[in-house]
Structure formats: C-alpha cells, structure tokens
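Notes to accompany the following structure.
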Amino acid sequence: GARRQDDDRGRRACPRGHGGGRCAPRTGAGAALRPVSLKKERRMHFFAVSGAFLLVVFPISCYDIHNLKCKKERKGVFAIALTNASLPAKRRILKVCVKLFLEQGYKKTTVAEIIQKAEVSNSSFQNIFRAKDGVLTELVGFMFSNQFSAARQAAGTKLPPVFVYAIETALQITLTELNENLREIYIEAYSQREASEYIFRETARELYQIFGPYQPSLTAQDFYTLELGSAGLMRGYMAHPCDETLTLEQKLEAFLSLSLRGYCVPEDELQKVLQFIAGMDIRAISEKVMQDLFQALAMRYDFTLPETV
C-alpha cells in the first residue's frame, strides 16, 4: 500500500501532467527529477539486489581478475581493491601448500588441512585457487623457470641449445630419483589438466627455439603437438623408480635417445649429447639444484623446511 501511495504521488508530482509517471525524456536541469515508472523501478531494484547477491556469493578474486582480459578501466576499478584484500590470504595459502607438499607429499595434503593451517575460509581458498591443482600450477611455473635457468648455467654459452634441453630433462628425471615428494609433484603436474597445459605450452616455446633449425618447416603449433609426445615419455620415465634393471644412466640415455631422434637431431650430434650427459656428475648437480630450488621456494613463500627434506 505504501508503495502504491508513493507511486500515486509520483504521478501527481509530474509537472507535465502525464499519467503513470511515464514522462518523455527531458533535458536540462529538470531531467534528474523525471519520475520513474513502477515497472522500471522494480526492474532496477531487482538488478541492484541481484548484483549484491552475486558479489556476496561469487566474489571476484585477484586470481580470476588476472586471467580475465578486462577492459583497462574495469580492471582499474576492481583489481586494485580486490587484489589488496586477497594477497595476504593467497600468500598464506601458498606458504602452507608448498611446505606441506614438500614435507608430506601432494596427495596426502588435503584441502581441509591447507585451510586450517593457512587460517582462511573454504570460500576464500576456492575463490583464489578453485582447487588444490590451482596451487600446483603456480608452483610448477616457479619450478620449471628455475630448472631451465640451472640448465642454461650448466651448459654455458659455448654449447649448442640442444645441450640445454638435454641437461634440463636429465636434471628433472634425476630430481625425481632424489626426492619422492618431488617425484609426486612432477607426476601430478604432468597429469593435472591445468598444470600439464602450462608445461606443454611453455616447453613447446623452448622446443621451437631449440629444435626449429632442425625442422624449419614446422610451426610453433607443430612443436606443441610434438611436446605432447615427449611429455608422455618424460612422465613415464619419472613415474618408474630406478632399480637394478633400470639405472639412472640407462633411463637418461633411453629418454634422450627417443626424444632427440623425435626432434630430428642428427645422429652424430645426438651421440655427442649422450656422451656429455654421461660425463656429468648429474646426481651432484641435481642435489645442488634441488637445494637451490628449496631455498628459492622458502625465500619466495617464506617458510623453513627441516633438514631431512
């Protein structure tokens, strides 16, 4: 009844005498005083309530905004406020996840445990990372960046790029033999859709630069397709622990022979690469890389690991 009375007042208040409050558009200073029809008012009220509901139930996180290709002005309005609010929670989640993954393994770490130790709500965790594999993707990106840096440093500037690929893949396989929790992280990374897609895409870029001269007719997309195959080889060799029937040296030689022949590396160059890898103390280098990786993770995510990790 009160709403109808207000609407009746709106009709009577119309200076132009139009019934139902439906005045034609006006310009000038009086435009802001134009009455709004009841139907339009209800529609506006519905959108206002709906918008508030969506912001409460589906708050936009800094993770989502980073992935959305918003207009510049929209990003400026939303990203600044929400990023400032979300960063502390995101950092706490990453800190807890990295520590737990390395100490007890990826599979044994539950979302409930992450939420409890990070002191965040379940909705906050889902808004930032959606699920545990979202954390894995971010961690994998950091780890792979460090791996390629270590491989380039070990190869130096005088060796051809194919040696960088050989060292990087040899280090990765060896790392999984030195630490079982790292093995699990890598295998999960090659299995989870989001993390594996990151690996395929980023590795394909490296492959295009390294092996493009051997196959000049292939495009970047072609090397992405080839990476799907070589990544399958990598995952298979990582998942099978070394034993008396398959030593680390045999595993490295088998993987590099298959992958380099797949990328059309000439046989004489392939043999030089195999000899170079066989002459390296790959275990010692990998142990240093692993410790450097742990230290870099600890510095980035602000935590300490026990000496036994």
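Counting begins at 1 with the first residue of the sequence.
- Rounding to the nearest 0.5 angstrom, the gap separating the CG atom in Leu100 from the NZ atom in Lys108 is 12.5 Å.
- Cluster annotation: Tyr214 and Val164 are assigned to distinct hydrophobic clusters (Ile/Leu/Val/Met/Phe/Trp/Tyr, side-chain heavy-atom contacts under 4.5 Å, transitive).
- For the residue pair Glu206 / Thr203, no side-chain donor-acceptor distance below 3.5 Å is found, with atom types taken as modelled.
- The structure places CD1 of Ile173 at 5.5 Å from CG of Leu252, a figure rounded to the nearest 0.5 Å.
- The shortest side-chain heavy-atom distance between Val265 and Val273 does not fall under the 4.5 Å cut-off.
- Applying the salt bridge (charged side-chain N to carboxylate O under 4.0 Å, His left out) rule to Lys117 yields no partners; only residues at least two apart in sequence or on another chain are considered.
- The closest side-chain heavy-atom distance from Glu202 to Phe144 is not below 4.5 Å.
- Not counting sequence neighbours, the partners of Ser191 by the side-chain hydrogen bond (donor to acceptor under 3.5 Å, both in side chains) test are Arg235.
- Phe276 places a side-chain heavy atom less than 4.5 Å from the side chain of Met280.
- Residues passing the side chain to side chain contact (heavy atoms under 4.5 Å, CB included) test with Arg261 are Ser257, Glu267, Leu270, Gln271, sequence neighbours excluded.
- Every residue meeting the side-chain hydrogen bond (donor to acceptor under 3.5 Å, both in side chains) condition with Lys251, not counting sequence neighbours, appears here in chain and number order: Glu177.
- Between Leu226 atom CG and Ser259 atom OG the span is 11.5 Å, to the nearest 0.5 Å.
- Taking both residues in full, the closest heavy atoms of Ala170 and Ile277 are given as CB-CG2, 4.3 Å, listed atom of the first, atom of the second, then distance.
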Open item on the list: Determine whether Thr109 and Gln104 satisfy the following criterion, side-chain contact (heavy atoms from CB on, under 4.5 Å), listing intermediate values before the conclusion.
Closed with: CA-CA 7 Å; Thr109 301; Gln104 65 187 35; 3.2 Å; yes

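- Taking the side chain to side chain contact (heavy atoms under 4.5 Å, CB included) definition, one finds that Glu180 meets it with Arg183, sequence neighbours left out.
- Applying the 6.0 Å contact sphere to CD of Glu119 captures no more than 12 heavy atoms from other residues, nucleotides or ligands.
- Criterion: ILVMFWY side-chain heavy atoms under 4.5 Å apart, direct or through other members. Under it, Leu246 and Leu178 are not part of a common hydrophobic cluster.
- A salt bridge links Arg130 with Glu194; the closest basic N to acidic carboxylate O contact falls under 4.0 Å.
- Under the rule for a ring pair (Phe, Tyr, Trp, His ring centres under 6.0 Å), the partners of Phe101 that lie at least two apart in sequence or sit in another chain are Tyr106.
- The line from CD1 of Ile199 to CD of Gln192 is 10.5 Å long, rounded to the nearest 0.5 Å.
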- [ ] Begin with the C-alpha distance, continue with both residues' side-chain angles, and end with the deciding distance and a verdict on side-chain contact (heavy atoms from CB on, under 4.5 Å) for Asn179 and Leu102.
- [x] CA-CA 9 Å; Asn179 186 283; Leu102 293 177; 5.5 Å; no

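- Closest approach of Val120 and Ala89 over heavy atoms only: CG1-CB, 4.0 Å.
- Looking only at distances, a side-chain donor or acceptor of Glu184 sits under 3.5 Å from a matching main-chain atom of Lys107.
- Not counting sequence neighbours, the partners of Glu249 by the side-chain hydrogen bond (donor to acceptor under 3.5 Å, both in side chains) test are Arg283.
- Between Glu138 and Phe129 the shortest side-chain heavy-atom distance falls below 4.5 Å.
- Between the side chains of Thr225 and Asp222, no donor-acceptor pair is found at a separation under 3.5 Å.
- Between Ile115 and Ser121, the closest heavy-atom pair is CG2-C, 4.2 Å.
- Contact check for Arg92 versus Pro88: side-chain heavy atoms found under the 4.5 Å cut-off.
- The CE atom of Met238 sits 11.0 Å away from the CG atom of Leu233 when rounded to the nearest 0.5 Å.
- Within the 4.5 Å cutoff, side-chain heavy atoms of Phe125 are placed close to those of Val135.
- Using a 4.0 Å cut-off between a side-chain N of Lys or Arg and a carboxylate O of Asp or Glu, Lys132 and Glu188 do not qualify as a salt bridge.
- The closest side-chain heavy-atom distance from Ile185 to Leu136 is below 4.5 Å.
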TODO: Could you go through the side-chain contact (heavy atoms from CB on, under 4.5 Å) check for Ser230 and Glu227 one step at a time?
DONE: CA-CA 5 Å; Ser230 57; Glu227 162 58 11; 2.9 Å; yes

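- To the nearest 0.5 Å, atom CG of residue Leu218 and atom CG of residue Leu207 are 11.0 Å apart.
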Open item on the list: Please determine whether side-chain contact (heavy atoms from CB on, under 4.5 Å) holds for the pair Leu258 and Tyr237, giving the CA-CA distance in whole Å, both sets of side-chain angles, and the decisive distance to 0.1 Å.
Closed with: CA-CA 12 Å; Leu258 287 169; Tyr237 281 114; 3.7 Å; yes

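- The ring pair (Phe, Tyr, Trp, His ring centres under 6.0 Å) contacts involving residues 240-275 comprise Phe211-Tyr263, where partners must be two or more places apart or lie in separate chains.
- With sequence neighbours left out, the side chain to side chain contact (heavy atoms under 4.5 Å, CB included) criterion links Pro160 to Val162, Phe163, Glu269.
- Contact between Leu175 and Ser286 at its shortest, heavy atoms only, is CD2-O, 3.4 Å.
- Partners of Arg201 by side-chain hydrogen bond (donor to acceptor under 3.5 Å, both in side chains), not counting sequence neighbours: none found.
- Every residue two or more places apart in sequence or in another chain that forms a ring pair (Phe, Tyr, Trp, His ring centres under 6.0 Å) with Phe223 is listed here: Tyr208.
- Evaluation of the salt bridge (charged side-chain N to carboxylate O under 4.0 Å, His left out) rule for Lys288 yields Asp292 as partners, not counting sequence neighbours.
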